[in-house]
Amino acid sequence: MSSERTALVVRGGWFGHQPVEATGLFLPFLEAQGFRVDVHDSPAPYADAGYMAGVDLVVQCMTMSTIEPDELAGLRSAVAAGTGMAGWHGGIADSYRNSSDYQQLVGGLFACHPGKAPEERVGEQSDNYVPYRVNVLPAAAGHPITRGIEDFDLVTEQYWVLADAYVDVLATTTQAVRPWDEWDRPITSPAVWTRRWGRGRLFVCTPGHRVEVLENPNVRTLVERGMLWAARGSTDPDPSRDAADQPAAL
């Protein structure tokens, strides 16, 4: 394996998530970690099997938008063969609503972000900025992504996520019941999770609405560690699950 790995950054979709600025925050980090970084503004590279075979990490920041069948098939095949995939917020958990197969790959789907009281809303993104806590699970205390990170508070969009039982949850967030809400009990959703897909690994962090959220030290650390954990060739926290790969240390 070459000492230089390749990271493919796919960015675009809804402008409110600042896909260019948000991914730009992490490009120097990836380069400092020894990645050659390719940046594209569509999922078209996923359809190129020869190219994807050499991609060690996909960083996707593509909110909504659409994906073509050959692009999705290429992405799923690459991840199954060992390409890592990582992302945050709507760039990975609210991508390609036209594809249930994509949603299966990622394991968690944005459903909504309950906002402020109706009388406080002004028709801006800030209508959905609420204070909430990210709770790191005790079982994740020793995980390389969450090690040393304690529960922390944010004021931004709080994602209500629909997820399946095949995600390995590292942190959660609980949506409270407010007087104007339709639900009658608190709802806990995964906020940070990993997932295995064939020989590949995926990392998702739901905080990250805009650059200022990604600059939060806890969020930024989670994303940076998550990208490294997911990338092919990185140390695995449970080597027995990938013994055949004999991954190299970071």
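All values below were derived from every heavy atom in this structure, side-chain atoms included, with hydrogens, water molecules and symmetry-related copies excluded. For clarity, every value in this text was computed on a predicted model and none was experimentally measured.
- Taking every heavy atom of both residues into account, A140 and T146 meet most closely at O-OG1, 2.6 Å.
- Listed for the D164 side chain is a donor-acceptor partner under 3.5 Å among the backbone atoms of Y166.
- The shortest side-chain heavy-atom distance between M85 and L75 falls under the 4.5 Å cut-off.
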Walk me through whether Q158 and T206 qualify under side-chain contact (heavy atoms from CB on, under 4.5 Å). CA-CA 8 Å; Q158 182 182 20; T206 63; over 6 Å; no
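- Under the 4.5 Å side-chain heavy-atom criterion for Ile, Leu, Val, Met, Phe, Trp and Tyr, V39 and L25 are members of the same hydrophobic cluster.
- Here the straight-line distance linking atom OG1 of T66 with atom CG of N98 works out to 5.5 Å at 0.5 Å rounding.
- Checked by atom type, the side-chain pair Q104/R76 shows a donor-acceptor distance below 3.5 Å.
- In this structure, the side chain of E71 does not engage the main chain of P45 through any donor-acceptor pair within 3.5 Å.
- Using a 4.5 Å cut-off on side-chain heavy atoms (C-beta onward), L222 and I149 make contact.
- With respect to R5 and D56, no salt bridge is recorded, no charged nitrogen being found less than 4.0 Å from a carboxylate O.
- Heavy atoms only, all atoms of each residue included: P114 and V130 are closest at O-CG1, 4.0 Å.
- Ring-plane geometry between F110 and Y159 is classed as tilted, the angle between the planes lying from 30 to 60 degrees on a 0 to 90 degree scale.
- With hydrogens and angles ignored, the 3.5 Å screen pairs no side-chain donor or acceptor of D181 with any backbone N or O of V177.
- Side chains of P207 and N216 form no contact here, defined as non-hydrogen atoms less than 4.5 Å apart.
- Taking E119 as the reference, A117 meet the side-chain contact (heavy atoms from CB on, under 4.5 Å) condition, with sequence neighbours excluded.
- One finds no salt bridge joining D151 and R133 here, because no Lys/Arg side-chain nitrogen approaches an Asp/Glu carboxylate oxygen to under 4.0 Å.
- For R225 (side chain) and R147 (main-chain N/O), a donor-acceptor pair under 3.5 Å exists by modelled atom type.
- Residues Y129 and V134 are members of separate hydrophobic clusters, defined by side-chain heavy-atom contacts under 4.5 angstrom among Ile, Leu, Val, Met, Phe, Trp and Tyr.
- A tilted orientation is assigned to the rings of H143 and W229, their planes being inclined by 30° to 60°.
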With side-chain contact (heavy atoms from CB on, under 4.5 Å) as the test, would you mind laying out the steps for T221 and I145 before giving the verdict? CA-CA 8 Å; T221 297; I145 295 175; over 6 Å; no
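- Across all their heavy atoms, A86 and A230 have their closest contact at CB-CB, 4.4 Å.
- With rounding to the nearest 0.5 Å, the separation of OG in S65 from CG in D94 is 11.0 Å.
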Is there a side-chain contact (heavy atoms from CB on, under 4.5 Å) between M52 and V58? Walk through the geometry before answering. CA-CA 9 Å; M52 291 298 294; V58 169; 4.0 Å; yes
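- With hydrophobic clusters built from ILVMFWY side chains whose heavy atoms lie under 4.5 angstrom apart, W160 does not share a cluster with L154.
- At least one donor-acceptor pair closer than 3.5 Å links the side chain of K116 to the backbone N or O of S126.
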Please assess F152 against V219 for the test side-chain contact (heavy atoms from CB on, under 4.5 Å), listing each intermediate value before the final yes or no. CA-CA 9 Å; F152 60 94; V219 177; 3.9 Å; yes
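- Heavy atoms only, all atoms of each residue included: R232 and A81 are closest at NH1-O, 3.5 Å.
- Judged purely by atom type and a 3.5 angstrom limit, S99 has no side-chain atom pairing as donor or acceptor with the backbone of Y96.
- Residues F26 and M227 are in side-chain contact: their nearest non-hydrogen atoms beyond the backbone lie under 4.5 Å apart.
- Smallest separation of non-hydrogen atoms from A111 and L162: CB-CG, 3.8 Å.
- Side-chain atoms of Y132 come within 3.5 Å of backbone N or O of E157 as a donor-acceptor pair.
- A donor-acceptor pair under 3.5 Å links the side-chain atoms of T83 to the main chain of V55, judged by distance alone.
- A 4.5 Å side-chain heavy-atom check between Y46 and D48 finds every atom pair outside the cut-off.
- When each of L30, T6, L8 is paired with R36, the side chain to side chain contact (heavy atoms under 4.5 Å, CB included) condition holds for T6 and for no other.
- Side chains of S95 and M64 form no contact here, defined as non-hydrogen atoms less than 4.5 Å apart.
- Linking Ile, Leu, Val, Met, Phe, Trp and Tyr whenever their side-chain heavy atoms come within less than 4.5 Å leaves V161 and I187 in two separate clusters.
- Separation of atoms OG1 (T23) and CG (L214) is listed at 10.0 Å; rounding is to 0.5 Å.
- In this structure, H89 NE2 and Q18 CD are separated by 10.5 Å, a value rounded to the nearest 0.5 Å.
- Side-chain N/O atoms of T174 and T188 include a donor and acceptor closer than 3.5 Å.
- In the displayed structure, E150 atom CD is contacted under 6.0 Å by at most 12 heavy atoms of other residues, nucleotides or ligands.
- A 4.5 Å side-chain heavy-atom check between V59 and V10 finds every atom pair outside the cut-off.
- Expressed to the nearest 0.5 Å, how far OG1 of T194 lies from CG of D168 amounts to 4.0 Å.
- The main-chain N or O of A176 is found under 3.5 Å from a side-chain atom of W183 such that the two form a donor-acceptor pair.
- Taking the six-membered ring where tryptophan is involved, the planes of H17 and W14 are perpendicular, since the angle between them exceeds 60° and thus also 30°.
- The hydrophobic clustering, which links ILVMFWY residues whose side-chain heavy atoms are closer than 4.5 Å, places V204 and L109 apart.
- Between N128 and G115, the shortest heavy-atom distance links the atoms OD1-CA, 3.7 Å.
- R220 contributes no side-chain N or O that, together with a main-chain N or O of V213, makes up a donor-acceptor pair within less than 3.5 Å.
- For an aromatic pair to be called close, the ring centres must be under 6.0 Å apart, and W88 with F203 fails this.
- Residues R11 and V20 form a side-chain contact, since some pair of their non-hydrogen atoms from C-beta on lies under 4.5 Å apart.
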